[in-house]
Chemist: 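Mind looking over this structure? Questions follow.
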Amino acid sequence: MSALALVALLATACGSQVRGYIDDTYTLTNTSGDTATYSSRDPIGTTVASIVGKKAPAARKADGGNEYLRYDDDIVTVSAAAGGGSTIRVEDIDGNYRSGGFAYLGPGFTPGSPAGGSAGSGGSGSAK
């Protein structure tokens with residue numbers, strides 16, 4: 001049973017590599033449920049380059065001055081901080097992402113299947 005526990009621990013550690021890096025590198029300023037907010041003294045571009053250099057995201061998008069990075073387990077949003085530097089928000093992917101909260105960002109940010117939808121029931125205009 002201990003070997004199984006070790007495998008589960010390693011799988012969890014690999015999945016949250018970006019969250020661990022952010023936690024070790026930046027200053028935690030707030031937590032709420034599965035969401036953590038951090039501060040960086042560096043501007044958005046430098047902060048994003050550091051995060052992406054450590055762990056490449058599955059998808060990346062810039063929108064309205066924010067940078068969005070999608071990982072297997074998390075969505076990372078980097079935005080400008082009021083007093084300079086940047087704010088990093090790490091959200092567990094089970095929340096807003098799975099309910100379509102980031103669908104406006106396009107490919108890579110749209111959930112693979114509609115929440116609560118059934119296969120083959122596309123409405124009008126669903127064909128591409």
Side-chain angles (χ1 to χ4, degrees):
M1 200 58 133
S2 64
L4 183 58
L6 180 60
V7 169
L9 178 64
L10 289 174
T12 302
C14 291
S16 63
Q17 183 178 9
V18 73
R19 189 179 283 258
Y21 172 73
I22 291 169
D23 192 52
D24 290 343
T25 307
Y26 302 103
T27 304
L28 180 66
T29 58
N30 189 27
T31 59
S32 177
D34 288 338
T35 301
T37 305
Y38 300 83
S39 65
S40 170
R41 294 180 184 186
D42 295 323
I44 294 171
T46 305
T47 301
V48 168
S50 175
I51 295 168
V52 169
K54 181 63 177 177
K55 175 79 171 146
R60 179 177 176 177
K61 178 79 174 193
D63 182 62
N66 298 322
E67 288 270 352
Y68 298 90
L69 309 171
R70 185 182 60 79
Y71 294 91
D72 290 340
D73 295 336
D74 298 299
I75 296 284
V76 176
T77 305
V78 183
S79 56
S86 54
T87 299
I88 306 156
R89 182 178 170 103
V90 183
E91 298 179 65
D92 187 68
I93 209 163
D94 290 331
N96 284 334
Y97 175 75
R98 295 223 192 274
S99 65
F102 293 97
Y104 70 93
L105 292 172
F109 288 90
T110 305
S113 63
S118 60
S121 62
S124 65
S126 64
K128 294 191 178 196

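One is the number of the first residue; the rest follow in order along the sequence. Just the heavy atoms: all of them, side chains too, but no hydrogens, waters or symmetry mates, feed the values below.
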Chemist: Would a 4.5 Å heavy-atom cut-off, applied to side chains only, mark Lys55 and Tyr21 as touching?
Modeler: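 They are not in side-chain contact.
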Chemist: Decide side chain to side chain contact (heavy atoms under 4.5 Å, CB included) for Arg70 and Lys61; before the verdict, give the C-alpha distance in whole Å, the side-chain angles of both, and the deciding distance to 0.1 Å.
Modeler: CA-CA 9 Å; Arg70 185 182 60 79; Lys61 178 79 174 193; over 6 Å; no
Chemist: How far apart are the closest heavy atoms of Thr31 and Leu28, and which atoms are they?
Modeler: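 Taking every non-hydrogen atom into account, CG2-CD1, 3.8 Å.
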Chemist: Compare every heavy atom of Ala80 with every heavy atom of Ile44, then report the nearest pair and how far apart it is.
Modeler: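 Smallest interatomic distance, heavy atoms only, reads CD1-N, 3.3 Å.
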Chemist: How far does OG1 of Thr87 sit from OH of Tyr26, to the nearest 0.5 angstrom?
Modeler: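 Result: 12.0 Å between the selected atoms.
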Chemist: Can you tell me how far the CZ atom of Arg89 sits from the OH atom of Tyr68, to the nearest 0.5 Å?
Modeler: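 So the gap between those two atoms works out to 10.0 Å.
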Chemist: Using modelled atom types and a 3.5 Å cut-off, is there a donor and acceptor pairing between side-chain atoms of Thr47 and backbone atoms of Asp42?
Modeler: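 Between the backbone of Asp42 and the side chain of Thr47 there is a qualifying donor-acceptor contact (under 3.5 Å).
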Chemist: First locate atom CG of Asp24, then atom NZ of Lys54, and finally report the distance between them rounded to the nearest 0.5 Å.
Modeler: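 So the gap between those two atoms works out to 9.0 Å.
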Chemist: Nearest 0.5 Å please: distance from the CD atom of Gln17 over to the OH atom of Tyr71.
Modeler: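 OH of Tyr71 is found 9.5 Å from CD of Gln17.
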Chemist: How long is the span from the CZ atom in Arg41 to the OG1 atom in Thr46, to the nearest 0.5 Å?
Modeler: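 Here the interatomic distance stands at 14.0 Å.
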Chemist: Keeping Thr29 on the side-chain end and Thr37 on the backbone end, is there a donor-acceptor pair under 3.5 Å?
Modeler: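 Confirmed, Thr29 side chain pairs with Thr37 backbone.
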Chemist: Taking atom OG of Ser50 and atom CD1 of Ile22, what is their separation to the nearest 0.5 Å?
Modeler: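 Reported value, rounded in 0.5 Å steps: 9.0 Å.
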Chemist: For residues Tyr38 and Thr25, is any side-chain donor paired with an opposing acceptor at under 3.5 Å?
Modeler: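 Side-chain D/A pair, Tyr38 to Thr25: absent.
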Chemist: What residue among Asp23, Asp73, Ile51, Val90 forms side chain to side chain contact (heavy atoms under 4.5 Å, CB included) with Val18?
Modeler: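 Single side chain to side chain contact (heavy atoms under 4.5 Å, CB included) partner of Val18 among Asp23, Asp73, Ile51, Val90: Ile51.
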Chemist: At their closest point, which heavy atom of Glu91 faces which heavy atom of Thr77, and how far apart are they?
Modeler: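 In terms of heavy atoms, the two residues are closest at OE2-OG1, 4.4 Å.
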Chemist: Looking at Asp92 and Asp74, what are the two nearest heavy atoms and their distance?
Modeler: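 That would be CA-OD1, 3.7 Å.
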